[in-house]
Amino acid sequence: MTAHAKTPCGLHRSRLGRRDILKLAAGMAGGAVVGTGLLMPSIAQAAFSNSKTGTAPMSQNAFVYTELQISAPFDQVPWKKINDAIKAQPGFINKTWLSGLGNNSAGGIYAFDSIENAQKFVTGYFPAEARNFGVAQTTRVFDAMATKEASIDLNSVHYGAKPTTKPAAFVYTEVQLHVLPFDNGPWRTFNPVLKLQPGLLSKTWLSGLHTGTVGGFYAFDTIENAQRFALDYFPTETRQLNAAFYTRVFDANATETASRDMASVFYG
């Protein structure tokens with residue numbers, strides 16, 4: 001289904017051609033995705049609708065991060081069909097789509113009403129989505145309640161801060177540390193420094209379920225400031241922690257329309 005090209009590191013990266021993407025979209029329209037619930041409106045769909053109208057919003061208790069190992073310009077991703085399927089998932093609240101800067105990977109950051117529903121999503125629905133694309137995938141589940149105080153201190157829109165500037169870029173980070181409970185970690189030391197980073201609009205802290213890994217999801221005003229943060233500042237932070245780390249930079253402009261359709265908190 002996919003052709004492969006070697007990355008500069010010598011690894012193979014899947015590339016989806018237009019024909020592959022159209023086939024996938026057709027399959028999803030016919031209910032090919034396992035567990036999407038396309039034929040039966042769910043409680044989650046009603047709650048999602050309410051979240052867009054401002055009535056009876058669900059409370060978030062978990063975040064999910066996903067990334068598909070594809071290389072496809074975002075305008076070729078069948079996001080409308082995928083959005084319909086995700087809206088039907090139990091406990092789904094909102095999603096911000098992600099398009100990898102430089103590699104065109106596709107993914108998202110999601111809010112769920114419970115850890116249990118987030119786990120169902122990453123073990124049931126999402127592997128089926130990746131299978132339909134014919135690619136490998138990455139998923140992470142995070143405890144949203146554990147990081148509430150730290151995130152509010154950094155103007156996190158996931159916890160009610162009103163966005164005043166439309167983001168141009170997102171950054172995802174994860175540090176190979178085990179910090180449980182999260183509140184024992186160094187967030188009070190790092191937050192004042194993070195607030196000084198050029199172009200930072202907001203950060204949502206992330207605490208890995210079971211693993212206790214520490215990370216974050218950031219919004220920046222420009223791609224340049226996001227890259228400067230990921231390449232220059234963040235490695236100095238992890239050096240202080242003596243820990244390996246993972247960073248990704250995403251083009252927020254490419255995914256704005258798809259994210260708005262999923263009630264993304266970054267667009268008011």
Side-chain angles (χ1 to χ4, degrees), residues 21 25 28 36 44-45 47-54 57-58 60 62-68 70 72-89 91-113 118 121-122 125-126 129-130 133 137-140 142 144 151 154-173 199-204 206 215-223 225-226 248-268:
I21 294 170
M28 295 184 71
T36 60
Q45 282 180 302
F48 172 81
S49 179
N50 288 340
S51 73
K52 296 191 77 173
T53 60
M58 289 189 290
Q60 66 188 13
F63 296 119
V64 169
Y65 170 82
T66 66
E67 191 172 359
L68 290 172
I70 64 174
F74 191 75
D75 61 5
Q76 294 182 20
V77 174
W79 61 263
K80 292 180 181 179
K81 298 294 183 184
I82 294 174
N83 279 8
D84 288 342
I86 293 174
K87 290 173 188 177
Q89 300 310 302
F92 170 75
I93 300 175
N94 60 60
K95 173 183 178 179
T96 299
W97 274 91
L98 303 174
S99 180
L101 186 68
N103 70 345
N104 287 323
S105 62
I109 188 83
Y110 312 68
F112 280 86
D113 68 344
F121 180 80
V122 300
Y125 168 80
F126 198 77
E129 181 180 299
F133 274 97
Q137 52 115 82
T138 296
T139 55
R140 297 285 190 274
F142 301 97
S151 299
L154 282 174
N155 202 40
S156 170
V157 293
H158 282 106
Y159 295 91
K162 299 299 181 184
T164 57
T165 302
K166 189 169 65 173
F170 298 116
V171 172
Y172 171 85
T173 65
L200 178 65
L201 302 176
S202 68
K203 174 184 178 177
T204 298
L206 302 173
F217 189 74
Y218 309 72
F220 281 88
D221 61 349
T222 67
I223 287 175
N225 280 330
R248 290 289 186 271
V249 179
F250 301 97
D251 180 356
N253 293 317
T255 57
E256 179 180 349
T257 301
S259 296
R260 285 182 180 274
D261 184 57
M262 298 294 270
S264 170
V265 290
F266 289 95
Y267 302 99

Can you name the nearest heavy-atom pair linking Ala62 to Ala144, along with the distance? N-CB, 3.5 Å

I want to know whether Phe92 and Phe121 have ring centres closer than 6.0 Å. no

Evaluate the side-chain proximity of Arg140 to Thr138: yes if any heavy-atom separation is below 4.5 Å, no if none is. yes

Is any NZ, NE, NH1 or NH2 atom of the basic residue among Asp221 and Lys166 found under 4.0 Å from an Asp or Glu carboxylate oxygen of the other? no

Can you tell me how far CG of Asp261 sits from CD1 of Ile86, rounded to the nearest 0.5 angstrom? 10.5 Å

Show your working on side-chain hydrogen bond (donor to acceptor under 3.5 Å, both in side chains) between Ser264 and Thr96 and close with a plain yes or no. CA-CA 5 Å; Ser264 170; Thr96 299; 2.7 Å; yes

Can you measure from CG (Leu98) to CG (Asp251) and round to the nearest 0.5 angstrom? 10.5 Å

CA sep, side-chain torsions, deciding dist, call: Tyr65, Tyr172, ring-ring contact (aromatic ring centres under 6.0 Å, His included): CA-CA 9 Å; Tyr65 170 82; Tyr172 171 85; 3.7 Å; yes

Nearest heavy-atom pair of Ala226 and Val171: which atoms, and what distance? CB-CG2, 3.7 Å

Using side-chain heavy atoms (C-beta onward) and a distance below 4.5 Å, is Asn94 in contact with Met262? no

Point-to-point distance, once rounded to the nearest 0.5 Å, from CG of Leu154 to CG of Leu200: 7.0 Å

Check the angle between the aromatic planes of His158 and Phe217 and answer parallel, tilted or perpendicular using the 30° and 60° thresholds. perpendicular

Below 4.5 Å, heavy atoms only, C-beta onward: do Phe74 and Ser105 meet side chain to side chain? no

Minimum side-chain heavy-atom gap Trp79-Lys81 below 4.5 Å: no

If you define the side chain from C-beta out and look only at heavy atoms, does anything of Ile93 sit under 4.5 Å from Asp113? yes

Tell me if a side-chain donor or acceptor on Glu129 pairs with a main-chain N or O of Tyr125 at a distance below 3.5 Å. no

Of all heavy-atom pairs linking Ile82 and Val77, the shortest is CD1-CG1, 4.3 Å

Taking atom types as modelled and ignoring hydrogens, do the side chains of Ser156 and Thr204 form a donor-acceptor contact shorter than 3.5 angstrom? yes

Taking the side chain as everything from C-beta on, heavy atoms only, tell me whether Leu101 gets closer than 4.5 Å to Ile223. yes

Determine the interplanar angle of the Tyr159 and Phe63 rings, folded into 0 to 90°, and report it as parallel if under 30°, tilted if 30 to 60°, perpendicular if over 60°. perpendicular

Stacked cation flag Lys95 on Trp97, 6.0 angstrom / 45 deg: yes

Closest approach of Phe126 and Glu67, non-hydrogen atoms and distance? CZ-N, 4.5 Å

Residue pair Asn225 / Tyr218, side-chain heavy-atom distance below 4.5 Å: no

Can you tell if the side chain of Phe266 reaches within under 4.5 Å of the side chain of Ser202, non-hydrogen atoms only? yes

Provide the closest heavy-atom pair for Ser99 versus Asn104 in the form atom of the first, atom of the second, distance. OG-OD1, 4.2 Å

Can you name the closest pair of heavy atoms from Ala252 and Tyr267 and give their distance? O-OH, 3.7 Å

Taking the six-membered ring where the residue is Trp, are the ring centres of Phe220 and Phe170 under 6.0 Å apart? no

